[in-house]
There are 2 protein chains.
Amino acid sequence: MKNFIYDIPTKLYFGKNQIEHLPNLINEFGKKVLLTYGGGSIKRNGLYDTILALLPECEMIELAGIEPNPRIETVRKGAELCKTHDIDVVLAVGGGSTIDASKVMAAAAKFDGDPWELVKQPDLIQDALPLIDVLTLSATGTEMNASGVITNFATKEKIGTRSYHMYPYASICDPTYTFSVSKHQTAAGTADIMSHTFEIYFSHEEEVFIQDRLAEGILNACIHYLPIALQEPENYDARANLMWASTLALNGLTSFGKGGPWTCHPIEHVLSAYYDITHAVGLAILTPRWMAYILNDQTVERFAMYAEKVWNIPSAGDPYAAARLAIDKTYQFFLDAGLPMTLPEVGITSDEFFDEMATAAASRLENAYVPLNKNDVVNILQACMEPKAM
Amino acid sequence: MKNFIYDIPTKLYFGKNQIEHLPNLINEFGKKVLLTYGGGSIKRNGLYDTILALLPECEMIELAGIEPNPRIETVRKGAELCKTHDIDVVLAVGGGSTIDASKVMAAAAKFDGDPWELVKQPDLIQDALPLIDVLTLSATGTEMNASGVITNFATKEKIGTRSYHMYPYASICDPTYTFSVSKHQTAAGTADIMSHTFEIYFSHEEEVFIQDRLAEGILNACIHYLPIALQEPENYDARANLMWASTLALNGLTSFGKGGPWTCHPIEHVLSAYYDITHAVGLAILTPRWMAYILNDQTVERFAMYAEKVWNIPSAGDPYAAARLAIDKTYQFFLDAGLPMTLPEVGITSDEFFDEMATAAASRLENAYVPLNKNDVVNILQACMEPKAM
């Protein structure tokens, strides 16, 4: 097991009506609040009104319209609002995009240069405004980690930045706020959770027994509860298990002692930067093709373990057969959840940028679980153009 | 899933040579250090010298000889030293007893009354000196929780107290410090880890998918790595997995969303308060008898799940048979690890205090997984007098 430091300062309030803690949490910092949110679903479902009613004494400055794949221009706008209005605390209400963008706004509020510098050079983040969030989507795990991913379409870059200063001070995680999440977003969010888990689970560090079992438990939970949540959107236990899975998949617990040699995220980040597709859908499309592409004598035992522990496929005798069946089941699971599973379905109908995108992605895959070069990435992208033969 | 708050302020430094962080951590608080430890094993294995060499500028006040089942008299002594010497930070080096006692000393240093009041009434703990610990035994999980258990032999009470103020500020968890732990202590510590996991795993909250899988993973790790650690005391991965299991078994992650309806600990606390036996050995003796005693139509499905997930015993068709086999395997596992598995072997040769002890224990078992009354506890204790028929 590798060395690690477990130091997570975020306070996570999980469950029904935990929003009641919000006034005390905000009051620890002051009255001037930057309220950030996305497309307005929080107005339709009543959460916006609930929050305003809970904070009658606060001066609320609002930044609405934070987009999926949040943009550096939006971060610049938020940072400027923080400075202009001398904001005390940022309150982000939404999913991964809103919270990620708000983290970088909070850091940029304490920085004199352009916020994009903080994305390119995380070391420049030396301070941040306190951030409190109310989570409305089970997906990215941003509610309990120090990372944020920002897109710059001008430079065709989508980059994650990270700093201890960007941990949320507190996260309100009430699964009932996800009751109104659409089937598509629920499935995509679950694909994101599963992808985070895969990116860390598939590593060469073998003596990390508890981390591996925890990862399998997160995958089991996604596989068990996603179909329930799709059938019964207001099933509390299904929504709660998916929300808790989203947090645990990326708050460090699955990677402590082993690190995470990520592959699909670097490739997907390039896809999103070129085509602005839904992050998690890109991951769902890439994942089974990546798995099939890297299946070899060095990886087959771990894939057979995945088959056995996650899909109950006995691997005795023929680990390759078990591994292939598990990869097929992974593909079929996403397909059954209603996700588009080819690139043309998300608008990428030609391979004209594959070389360019693969070059950019491959520069970050030298230390992947199985290191990949440009040609490997092109081959994986080509495989994503057609439905997978089962 | 029940509501919960995940808020763990402890910074845990896990792995080889993490002691190098100690000077910076101590320096955050000052130069006057109360150094607490137990029977002197840290002098034999060199850790004591290492620590003094790392902190040449500190004024070290020492409190050695903290006993297993640490006593309130020792806590009083430590609190007095803190006050007399105007201590800045408590540095506890040892296992659960040393760290538990030091937590209550740190709290009592900021309290005007008798420290025993803080054990009886945790609400009285309103502040504490910062506590940093160096863990030398994988067992209690105290390195990342807010609890401490103190014994008062005068009143025949052994009680756990708890306060957010008692979380360690930082814990140094280097598995190499457990290389010199005896076979007996290694086995007993693992029994403690497993008992914590059982106390929480066996509950009526069923929709806690990830928590259950994590608990099974901790049990799997104990079952896999304890025999290795007994055979090869310096096997790093075995020691590391046991140490990480000890932390995760009681830092909240297995109980978030479900609570923990503990049974064996309340009974064992009474046993220890009367007889000063080794806590974890008492737990190992009690656990399989308790399991067998509460096996019934309401619990059999969960025991069958335990059988399947932890011991790979298929439960199809006959859950009672699977459950009984798993309970037998639990007993046999402790026996094979060299633990005494009857009360007479630990010096409790008569049942003269069983009624008295059972009365005390039963008052805390009304909300247990299966609620137990005085007669139930007497029956379980009686079953502990003889080797279990397999």
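Just the heavy atoms: all of them, side chains too, but no hydrogens, waters or symmetry mates, feed the values below. The sequence lines fix the lettering, A, B, ..., with proteins before strands; numbering per chain opens at 1.
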J.: Considering only heavy atoms, give the residues of residues 234-244 of chain A separated from chain B by less than 4.5 Å, sorted numerically, with 'none' for an empty result.
T.: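 Only Y236(A), D237(A), A240(A), N241(A), W244(A) of residues 234-244 of chain A have a heavy atom under 4.5 Å from chain B.
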J.: Any side-chain donor-acceptor pair under 3.5 Å between S246(A) and E143(A)?
T.: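 Looking only at side-chain atoms, E143(A) and S246(A) do form a donor-acceptor pair, the distance falling under 3.5 Å.
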J.: Under 4.5 Å, heavy atom to heavy atom: which of residues 221-231 of chain A reach chain B? Give them by number, or say none.
T.: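 Interface residues of residues 221-231 of chain A: A221(A), H224(A), Y225(A).
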J.: Regarding T142(B) and K103(B), do their side chains bring together a donor and an acceptor under 3.5 Å, going by distance alone?
T.: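 K103(B) and T142(B) do have a side-chain donor-acceptor pair below 3.5 Å.
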J.: Non-hydrogen atoms of chain A under 4.5 Å away: do they reach the side chain of T247(B), the backbone, both or neither?
T.: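 Neither part.
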J.: Between Q211(B) and chain A, with a heavy-atom cut-off of 4.5 Å, which part of the residue counts as in contact: side chain, backbone, both or neither?
T.: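 Contact with chain A is through the side chain of Q211(B) alone.
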J.: Could you tell me whether the side chains of D7(B) and Y164(B) share a donor-acceptor contact shorter than 3.5 Å?
T.: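 Yes.
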J.: What option among I218(A), D174(A), D212(A), N220(A) has the most heavy-atom pairs under 4.5 Å with chain B?
T.: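 Result: the option with the highest number of such pairs is N220(A).
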J.: Name all residues meeting the side chain to side chain contact (heavy atoms under 4.5 Å, CB included) criterion together with E308(A); count only those two or more places apart in sequence or in a different chain, and write none if there are none.
T.: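 Once residues adjacent in sequence are excluded, the partners of E308(A) under the side chain to side chain contact (heavy atoms under 4.5 Å, CB included) criterion are S315(A).
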J.: Using a 4.5 Å heavy-atom cutoff, which residues in residues 199-210 of chain A come close to chain B?
T.: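 E207(A), V208(A), F209(A), I210(A) fall under the 4.5 Å cut-off.
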J.: Using 4.0 Å as the upper bound for N to carboxylate O, is an ion pair formed by D336(A) and K329(A)?
T.: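 Not counted as a salt bridge, because no side-chain N and carboxylate O are separated by less than 4.0 Å.
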J.: Sort S171(A) into side chain, backbone, both or neither according to what part of it lies under 4.5 angstrom from a heavy atom of chain B.
T.: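 Interface part for S171(A): neither.
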J.: Before we go on, tell me: are the rings of Y306(A) and F198(A) under 6.0 Å apart, centre to centre?
T.: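 Yes: the rings meet the under 6.0 Å criterion.
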